[in-house]
Amino acid sequence: MPATTSATPSAPLWPAPTATGPVTATVWLPGSKSVTNRALLLAALADGPGVVRQALRSRDADLMVSALRALGATLVASGETAAGVDWHVTPGPIRGGVSIDAGLAGTVMRFVPPMAALADGPVSFDGDPHARKRPMGPILDALRSLGARIDNDALPFTITGPLTGGEVTLDASGSSQFVSGLLLTAARFEKGITIRHVGPPVPSQPHIEMTVEMLRAAGVTVDDGERDVWRVEPGPIAARDMTVEPDLSNAAPFLAAALVTGGTVTIPAWPVRTTQAGDALRDLLATMGATVTRPAADSGTVDLTVTGTGEIRGLDADLHEVGELTPTIAALAALATTPSRIRGVSHLRGHETDRLAALATEINRLGGDCEETDDGLVIRPRALHGGVFHSYDDHRMATAGAVLGLRVPGVEVENIATTAKTLPEFAQMWTAMLEAQ
Ligand SMILES: O=C(O)C1=C[C@@H](OP(=O)(O)O)[C@@H](O)[C@H](O)C1
Ligand SMILES: C=C(OP(=O)(O)O)C(=O)O
């Protein structure tokens, strides 16, 4: 399927800086989008006031904050720094008769509706034009089968509860967020929930593990012992004081810069144990020719350092579990000396844009050789030239363009500001990384 042109064709072009030598930089990353938005939602559903520390400040996180406030929670910010913000969250009775803007945030459009089904009146959802195309059917059908009334199969829709919970069967092969969304609120359903997935494998299992781990940390009983079945017992969600990990998926373009330039990039505060998909970068970047080091530790956080040689090896990788890393890995593959095959990511067609179509179109526009397959991409070495790299309002497309621009002079990334979805400071951080050369 050809990529549609960007929704913001008149967006400004950002001349992607070309590296003049190997980068040597330490890059502190703000909090994880996935952890922040789960933590905020759980805090708003909890049995008392809680704190979410070093939360990400970004468009997706701000949309979650607005949604939770609309539904009746009180969120007060303190201690805002570049590292994030501390949110003091006081739950309230869940209020209906409100409208929620999901923007383009999967975590808002899939995580908030189950909570909204507990409201005392109807709750309407809408989002960006492309958000209306993102898959929602399985989670909306699941909520219907649990008792909610919903007037559409995608955004925009209005959901009217109440629902009492129970058993539900759904096909979550299109997005792990269908499962996570139901799990996050489930303890507040009178009967809890039993979810059975039937269909091709669910992608992004680490994100489901993140949901389960955060629920258990809040005292919720979750049984995930049987493959593709999750049972959440009804009960309170404990209020917590917790700290958000740095966003390891947003580490991807910065670590990629070490490979592209033959330099060294260190990310401090890398959690030794984590459910974040970005942790897979350690193996993926090593496969592509980097040396990846971190001090030995059993727990806590360490400095993760990636050093490249300037030569990038292609890879054959199934990214089904870590699909959100695909744009960066594809950009690296387009600069590699050997061919690459990326498999297992057909669900990326339902992300911020159809990422497989968008990556193939934009890499080829710069002279590359990238072919879409049913479930991924084949990328062969070919010299690239400058040109406009469209971002399709997709933060990870924009950062993939920046990675290519490190080596290819004359790359202009359209709408770099779209990185505000998860990393508003991206352009400044990128420049600072290069200035540290
Ligand atoms: O639950 C989450 O926080 C996420 C789950 C994944 O979604 P999919 O399973 O739809 O890929 C991931 O790609 C997305 O960036 C964040
Ligand atoms: C797929 C992504 O986001 P979302 O949470 O909107 O699904 C992503 O960040 O790569």
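Read the numbers this way: they start at 1 and go in the same order the structure lists the ligands and their atoms.
One distance of note links CD1 of I363 with CG of L404; it measures 6.0 Å at 0.5 Å rounding. The CG atom of L146 lies 7.5 Å from the OG1 atom of T164; values are rounded to the nearest 0.5 Å.
Within the 4.5 Å cutoff, no side-chain heavy atoms of E245 are placed close to those of Q54.
Per-residue contacts place R38 under 4.0 angstrom from the following atoms of ligand 1 (heavy atoms of the residue considered): 1 (O), 2 (C), 3 (O). Near Q177, meaning under 4.0 Å from one of its heavy atoms, ligand 2 places the atoms 4 (P), 5 (O), 7 (O). Within the listing of ligand 1, atoms 3 (O) sit less than 4.0 angstrom from a heavy atom of T107. In the vicinity of K421, heavy-atom distances shorter than 4.0 Å reach the ligand 2 atoms 3 (O), 4 (P), 6 (O). For ligand 2, the atoms sitting less than 4.0 Å from at least one non-hydrogen atom of A105 are 6 (O), numbered in the order shown with element in parentheses. For ligand 1 and F111, the ligand atoms under 4.0 Å from any heavy atom of the residue are 1 (O). Annotation for ligand 2: atoms under 4.0 Å from non-hydrogen atoms of L104 are 6 (O).
With hydrogens left out, the protein atom closest to atom 8 (C) of ligand 2 is E352 OE2, 3.2 Å, a heavy atom. Ranking the protein heavy atoms by distance from atom 9 (O) of ligand 1 puts S176 OG, 2.6 Å first. Nearest protein heavy-atom contact of atom 10 (O) of ligand 2 is R396 NE, 2.6 Å. Scanning the protein for heavy atoms near atom 5 (O) of ligand 2, the closest one is K33 NZ, 2.8 Å. In this structure, the protein non-hydrogen atom closest to atom 7 (O) of ligand 2 is R134 NH2, 2.8 Å. Scanning the protein heavy atoms around atom 2 (C) of ligand 1, the nearest turns out to be H207 CD2, 3.3 Å. When only non-hydrogen protein atoms are considered, atom 3 (O) of ligand 1 lies nearest to S34 OG, 2.6 Å. Ranking the protein heavy atoms by distance from atom 8 (P) of ligand 1 puts S204 OG, 3.5 Å first.
At least one N/O-N/O distance between K33 and ligand 1 falls below 3.5 Å. Distances between N or O atoms of H351 and those of ligand 2 include no value under 3.5 Å. Any N or O atom pair closer than 3.5 Å counts here, and H395 shares at least one such pair with ligand 2. Checked against a 3.5 angstrom limit, the closest N/O atoms of E324 and ligand 1 fall inside it.
In this structure, the side chain of T305 does not engage the main chain of T266 through any donor-acceptor pair within 3.5 Å. Panel note: side chain D375, backbone G344; a donor-acceptor pair is recorded below 3.5 Å. At least one donor-acceptor pair under 3.5 Å links the side chain of R110 to the backbone N or O of P135. Remark: side-chain polar atoms of S176 are not paired, donor with acceptor, to backbone N or O of A172 under 3.5 angstrom. Side-chain atoms of D224 do not come within 3.5 Å of backbone N or O of R231 as any donor-acceptor pair. Although no hydrogens or angles enter the test, the distance criterion places no donor-acceptor pair under 3.5 Å between the side chain of T90 and the main chain of P49. For the pair S340 (side chain) and L315 (backbone), a donor-acceptor distance under 3.5 Å is present. In this structure, the side chain of E167 does not engage the main chain of T194 through any donor-acceptor pair within 3.5 Å. N364 contributes a side-chain N or O that, together with a main-chain N or O of C370, makes up a donor-acceptor pair within less than 3.5 Å.
The 12-atom threshold is exceeded at CZ of R216, counting heavy atoms of other residues, nucleotides or ligands nearer than 6.0 Å.
Side-chain atoms of T328 and R396 form no donor-acceptor pair, as typed in the model, at a separation below 3.5 Å.
Around atom 7 (O) of ligand 1, the closest heavy atom drawn from Q177, H347, Q276 belongs to Q177.
Of the heavy atoms in R355, only side-chain atoms (C-beta onward) come closer than 4.0 Å to ligand 2. Of the heavy atoms in T211, none comes closer than 4.0 Å to ligand 1. Residue contacts with ligand 1 for H351 involve side-chain atoms from C-beta outward but no N, CA, C or O (heavy atoms, distance under 4.0 Å). The proximity of T422 to ligand 2, defined as any non-hydrogen pair under 4.0 Å, does not occur for either the backbone or the side chain. In S175, the parts holding a heavy atom less than 4.0 Å from any atom of ligand 1 are both the side chain and the backbone. If you look at F178 next to ligand 1, there are no close heavy atoms at all, none under 4.0 Å.
Between H320 and H347, the ring planes are perpendicular. Angles over 60° get that label, and only those under 30° would be called parallel.
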